[in-house]
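If you're wondering where the values come from, they're calculated on a predicted model, not measured in any experiment.
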Amino acid sequence: MTTYKNITVYCGSHFGNDGAFASLAARLGEALGKGGFHMIYGGGTVGLMGLAAELLTSGGRVTGIIPRVFIEKEQAHRGITELLEVPDMITRKQKLIESGDAFIVLPGGIGTLEELADTFSHYRIYAAPGSRPPILIANINGIYDPLKALFQNWLRLGFIEKEDLDSIHFCSTLAEIMKLLS
């Protein structure tokens, strides 16, 4: 069994209107820190991103990758282990994908969905089935049920293969996420 150490986390720059989302982000950060994981994320202080980055208080290592546009808006998290400043969102996503050996998708909006889609597509193109890193989708309170249904619809209609979904895991609890990482 593989143990993953560099965990890229995608999540919202908002909190959402369900307290379970913020609770999960904070507990995930704590669990990753206590587990000795290195978290790589978008580098912000806002929303679920800021909560998840607090794993530093649990002894974890955190690398943020933030584009200039958010630095200019003073959203950069200067209290983490390492903050990499990049010119744009495209560079940020590329570095996030390259840095992780496992990926966690917390609740979020269109930016989070874009990061998931880019990661899924990247590994679908460049890595053979069986060698793709896990993408763990935190389906807290069913937030990603429509996405799960969409994936199944694509499979049914022949736009993706069953093997494409082998590395995708919809998790409803933090315990499920942490079990898949170790």
Side-chain angles (χ1 to χ4, degrees), residues 4 7-35 37-58 60 62-67 69-80 83 88-90 92-93 95-97 99-100 102-121 133-154 165 167-181:
Y4 305 97
I7 313 301
T8 296
V9 177
Y10 300 133
C11 56
S13 60
H14 293 81
F15 292 105
N17 60 12
D18 184 333
F21 303 152
S23 174
L24 175 70
R27 290 183 301 117
L28 174 70
E30 182 180 5
L32 290 175
K34 287 180 178 175
F37 293 96
H38 171 210
M39 184 179 102
I40 304 104
Y41 83 116
T45 58
V46 295
L48 298 183
M49 277 197 293
L51 288 175
E54 292 306 313
L55 72 93
L56 194 62
T57 61
S58 300
V62 183
T63 298
I65 303 172
I66 192 164
V69 66
F70 295 129
I71 295 167
E72 292 166 3
K73 292 181 180 185
E74 298 183 0
Q75 295 176 347
H77 199 313
R78 302 278 181 200
I80 58 178
L83 184 66
D88 52 45
M89 292 294 285
I90 292 170
R92 175 205 227 177
K93 287 186 292 182
K95 289 192 174 296
L96 287 167
I97 291 169
S99 298
F103 299 85
I104 299 174
V105 181
L106 295 180
I110 193 68
T112 304
L113 181 61
E114 179 184 19
E115 291 165 334
L116 166 62
D118 282 352
T119 302
F120 186 19
S121 180
I135 299 174
L136 314 178
I137 300 173
N139 193 24
I140 304 309
N141 291 343
I143 187 170
Y144 288 117
D145 283 348
L147 179 65
K148 189 175 186 178
L150 178 62
F151 286 171
Q152 291 303 312
N153 197 42
W154 284 343
L165 296 178
S167 64
I168 304 290
H169 306 274
F170 285 84
C171 304
S172 58
T173 66
L174 178 59
E176 287 178 68
I177 291 169
M178 297 310 294
K179 182 177 180 181
L180 287 167
L181 291 177

**Message:** In the structure I gave you, are the side-chain heavy atoms of T8 and Y41 within less than 4.5 Å of one another anywhere?
**Reply:** no
**Request:** Write down the atom of V62, the atom of A53, and the distance for their closest heavy-atom approach.
**Result:** CG2-O, 3.8 Å
**Request:** Output every pair passing side-chain hydrogen bond (donor to acceptor under 3.5 Å, both in side chains) with a member in residues 16-26, not counting sequence neighbours, ordered by first then second residue.
**Result:** D18-N141, S23-R27
**Item:** Distance (rounded to the nearest 0.5 Å) between F70 CZ and S13 OG
**Value:** 6.5 Å
**Prompt:** Backbone N or O of I110 within a donor-acceptor pair of the E114 side chain at under 3.5 Å?
**Reply:** no
**Fill in**
With sequence neighbours left out, the residues meeting side chain to side chain contact (heavy atoms under 4.5 Å, CB included) with T119 are Y10, I97, F103, Y123, I135
**Message:** For a 4.5 angstrom cut-off between non-hydrogen side-chain atoms, does H169 reach I177?
**Reply:** no
**Request:** Would you confirm whether Y144, through its side chain, and L106, through its main-chain N or O, come within 3.5 Å as a donor-acceptor pair?
**Result:** yes
**Request:** Please check if the side chain of R92 supplies one atom and the backbone of I66 the other of a donor-acceptor pair under 3.5 Å.
**Result:** no
**Message:** Is there a side-chain contact between L181 and L136 in this structure, where contact means two heavy atoms from C-beta onward sitting under 4.5 Å apart?
**Reply:** yes
**Message:** Among residues at least two apart in sequence or on other chains, which ones pass ring pair (Phe, Tyr, Trp, His ring centres under 6.0 Å) with F151?
**Reply:** F120, W154
**Asked** Taking side chain as C-beta onward, heavy atoms only, is F15 less than 4.5 Å from L51?
**Response** yes
**Message:** For a quick test of reading the model, state the closest non-hydrogen atom pair linking S172 to I140 and the distance between them.
**Reply:** O-CD1, 3.4 Å
**Prompt:** Which atom names give the shortest non-hydrogen contact between I65 and S99, and what distance separates them?
**Reply:** CD1-OG, 4.2 Å
**Request:** Taking the side chain as every heavy atom from C-beta outward, state whether L174 and L28 have any pair of such atoms under 4.5 Å apart.
**Result:** yes
**Item:** Shortest non-hydrogen contact from I143 toward P107
**Value:** CD1-CB, 3.6 Å
**Prompt:** Ignoring hydrogens and geometry, is there a side-chain-to-backbone donor-acceptor pair from H77 to G79 under 3.5 Å?
**Reply:** yes
**Message:** On a heavy-atom basis, which atom in P133 and which in S167 lie closest, and how many Å separate them?
**Reply:** O-CB, 3.4 Å
**Any side-chain heavy-atom pair of N139 and C171 under 4.5 Å** = no
**Message:** If you define the side chain from C-beta out and look only at heavy atoms, does anything of M178 sit under 4.5 Å from F37?
**Reply:** yes
**Item:** For G42 against L96, the heavy-atom pair lying closest together
**Value:** N-CD2, 4.4 Å
**Prompt:** Is the closest side-chain heavy-atom distance between H38 and I7 below 4.5 Å?
**Reply:** no
